[in-house]
Undergrad: 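Take a look at the following structure, please.
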Amino acid sequence: QVQLVESGGGLVQAGGSLRLSCAASGRTFMRYAMGWFRQVPGKEREFVGGSSWSGATTVYADSVKGRFTISRDNAKNTVYLQMSSLKPEDTAVYYCAADPSAGPITTVSEYDRWGRGTQVTVSS
């Protein structure tokens with residue numbers, strides 16, 4: 001089974017950039033669709049972006065389209081979320097998710113594995 005560990009979160013000013021990483025254990029990483037979600041207290045976890053297992057297809061939430069980019073390095077068992085032009089409303093805990101399917105997947109319920117999250121705080 002794949003286990004996921006996110007890193008790269010932190011505090012950044014509005015307009016700045018951050019790159020989140022999600023390192024996966026397991027030798028079958030390349031067979032997993034990967035996704036990024038975020039959650040703020042009192043709200044449901046929301047979809048940010050997703051990648052097919054190959055990385056050839058990516059999808060994004062409208063709120064981040066054009067600002068966030070997902071990429072993956074299957075040789076390193078890692079998926080990335082490059083975030084640019086950050087806004088205070090991007091502040092959340094960001095979670096990485098994986099599912100043994102082709103993907104991409106946009107819904108929480110379809111993902112099989114989750115990381116513990118990394119906090120991103122954007123100051124105004």
Side-chain angles (χ1 to χ4, degrees):
Q1 289 184 337
V2 169
Q3 292 184 325
L4 307 173
V5 178
E6 302 95 335
S7 62
L11 174 64
V12 63
Q13 288 187 334
S17 299
L18 276 177
R19 188 177 79 160
L20 305 183
S21 299
C22 174
S25 64
R27 304 193 309 186
T28 59
F29 172 76
M30 67 176 63
R31 299 177 186 173
Y32 280 70
M34 301 296 295
W36 286 96
F37 290 74
R38 64 188 182 188
Q39 189 170 22
V40 298
K43 293 189 175 182
E44 293 186 352
R45 194 166 296 187
E46 68 168 355
F47 171 74
V48 173
S51 168
S52 63
W53 67 269
S54 67
T57 304
T58 53
V59 294
Y60 299 93
D62 288 343
S63 59
V64 306
K65 200 172 293 182
R67 300 188 298 122
F68 291 11
T69 303
I70 291 176
S71 62
R72 62 190 294 166
D73 186 337
N74 285 344
K76 295 182 178 180
N77 281 14
T78 303
V79 63
Y80 305 96
L81 181 66
Q82 178 67 50
M83 305 185 294
S84 304
S85 302
L86 283 161
K87 305 175 182 180
E89 50 264 43
D90 294 319
T91 296
V93 176
Y94 283 71
Y95 296 90
C96 175
D99 188 77
S101 62
I105 303 170
T106 63
T107 55
V108 170
S109 61
E110 291 188 75
Y111 279 95
D112 182 63
R113 309 295 295 178
W114 291 86
R116 294 186 175 183
T118 185
Q119 176 71 46
V120 172
T121 303
V122 184
S123 62
S124 57

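Only heavy atoms go into these numbers, but all of them, side chains included; no hydrogens, no water, no symmetry mates.
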Undergrad: Find out whether Thr69 and Tyr80 are in side-chain contact, i.e. whether some heavy atom of one side chain is under 4.5 Å from a heavy atom of the other.
TA: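 They are not in contact (no side-chain heavy atoms under 4.5 Å apart), so the answer is no.
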
Undergrad: Using side-chain hydrogen bond (donor to acceptor under 3.5 Å, both in side chains) as the criterion, list what pairs up with Glu46, not counting sequence neighbours.
TA: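 side-chain hydrogen bond (donor to acceptor under 3.5 Å, both in side chains) check on Glu46 returns Arg38.
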
Undergrad: Applying the 4.5 Å side-chain criterion to the ILVMFWY set and letting contacts propagate, would Ile105 and Val108 be lumped into a single cluster?
TA: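 Yes; tracing contacts between hydrophobic side chains, which count when under 4.5 Å, links both residues.
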
Undergrad: When you look at Thr107 and Phe37, which way does the side-chain contact (heavy atoms from CB on, under 4.5 Å) test go after all the steps?
TA: CA-CA 9 Å; Thr107 55; Phe37 290 74; over 6 Å; no

Undergrad: For a quick test of reading the model, state the closest non-hydrogen atom pair linking Arg72 to Trp53 and the distance between them.
TA: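 Arg72 and Trp53 have their closest heavy atoms at CZ-O, 3.1 Å.
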
Undergrad: Please check if Ile70 and Tyr111 belong to a single hydrophobic cluster, counting links between Ile, Leu, Val, Met, Phe, Trp and Tyr side chain heavy atoms closer than 4.5 Å.
TA: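 No, no single cluster joins them.
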
Undergrad: Count I, L, V, M, F, W, Y as connected when their side-chain heavy atoms are under 4.5 Å apart, and connections chain through other members. Are Tyr60 and Val79 then in the same cluster?
TA: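 In one cluster with Tyr60: Val79, yes.
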
Undergrad: Measuring from Met34:CE to Thr58:OG1, what's the distance to the nearest 0.5 Å?
TA: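 It is 14.0 Å, given to the nearest 0.5 Å.
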
Undergrad: If every non-hydrogen atom of Phe29 is compared with every non-hydrogen atom of Ala24, which pair is closest and at what distance?
TA: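 Closest approach of Phe29 to Ala24: CD1-CB, 3.4 Å.
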
Undergrad: Counting only pairs under 3.5 Å, give me each side-chain donor-acceptor contact of residues 116-124, with atom names and distances, residues two or more places apart or in other chains.
TA:
{"residue": "Thr118", "atom": "OG1", "partner": "Gly9", "partner atom": "N", "Å": "3.2"}
{"residue": "Gln119", "atom": "NE2", "partner": "Ala92", "partner atom": "O", "Å": "3.4"}
{"residue": "Gln119", "atom": "NE2", "partner": "Thr121", "partner atom": "OG1", "Å": "3.3"}

Undergrad: Report yes or no: is the cationic atom of Arg45 (NZ for Lys, CZ for Arg) closer than 6.0 Å to the six-membered ring centre of Tyr95, at no more than 45° off its axis?
TA: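 Judged by the rule (NZ or CZ under 6.0 Å from the ring centre, within 45° of its axis), Arg45 counts as positioned above Tyr95.
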
Undergrad: Output yes when a side-chain donor or acceptor of Arg113 lies under 3.5 Å from a complementary backbone atom of Pro100, and no otherwise.
TA: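 The answer is no, because no donor-acceptor pair under 3.5 Å joins these two groups.
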
Undergrad: Does Lys76 NZ have over 12 foreign heavy atoms under 6.0 Å away?
TA: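 It does not: Lys76 NZ has 12 such atoms or fewer within range.
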
Undergrad: For Cys22, which of Val5, Leu4, Leu81 qualifies under side chain to side chain contact (heavy atoms under 4.5 Å, CB included)?
TA: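 It is Leu4, the one option of Val5, Leu4, Leu81 that forms the side chain to side chain contact (heavy atoms under 4.5 Å, CB included) with Cys22.
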
Undergrad: Is a donor on one side and an acceptor on the other found under 3.5 Å between the side chain of Ser25 and the backbone of Gln3?
TA: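 Checking the backbone N and O of Gln3 against the side chain of Ser25, a donor-acceptor pair under 3.5 Å is found.
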
Undergrad: Would you indicate whether the side-chain heavy atoms of Ser51 and Pro104 approach each other to under 4.5 Å?
TA: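 A side-chain contact under 4.5 Å is absent here.
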
Undergrad: How long is the straight-line distance from CD of Gln39 back to CD of Glu44, given to the nearest 0.5 Å?
TA: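 Going from the CD atom of Glu44 to the CD atom of Gln39 covers 8.5 Å.
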
Undergrad: If you take all heavy atoms of Cys96 and Glu6, which pair is closest and at what distance?
TA: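 Heavy atoms of Cys96 and Glu6 come nearest at N-OE2, 2.8 Å.
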
Undergrad: Is it true that Val12 and Val64 fall in one hydrophobic cluster, defined by side-chain heavy atoms closer than 4.5 Å?
TA: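 Result: yes, single cluster for both.
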
Undergrad: Does the pair Asp90/Lys87 count as a salt bridge with the N-to-O cut at 4.0 Å?
TA: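 Result for this pair is no, no salt bridge flagged.
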
Undergrad: Any chance you could measure Phe47, atom CZ, to Glu110, atom CD, to the nearest 0.5 Å?
TA: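 Going from the CZ atom of Phe47 to the CD atom of Glu110 covers 10.5 Å.
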
Undergrad: Among all residues two or more places apart in sequence or in another chain, which pass the side-chain hydrogen bond (donor to acceptor under 3.5 Å, both in side chains) test with Ser101?
TA: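 Expected list: Asp99.
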
Undergrad: Please confirm whether the backbone N or O of Ser85 pairs with a side-chain atom of Arg67, one donor and one acceptor, at under 3.5 Å?
TA: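 Here the side-chain-to-backbone pair exists.
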
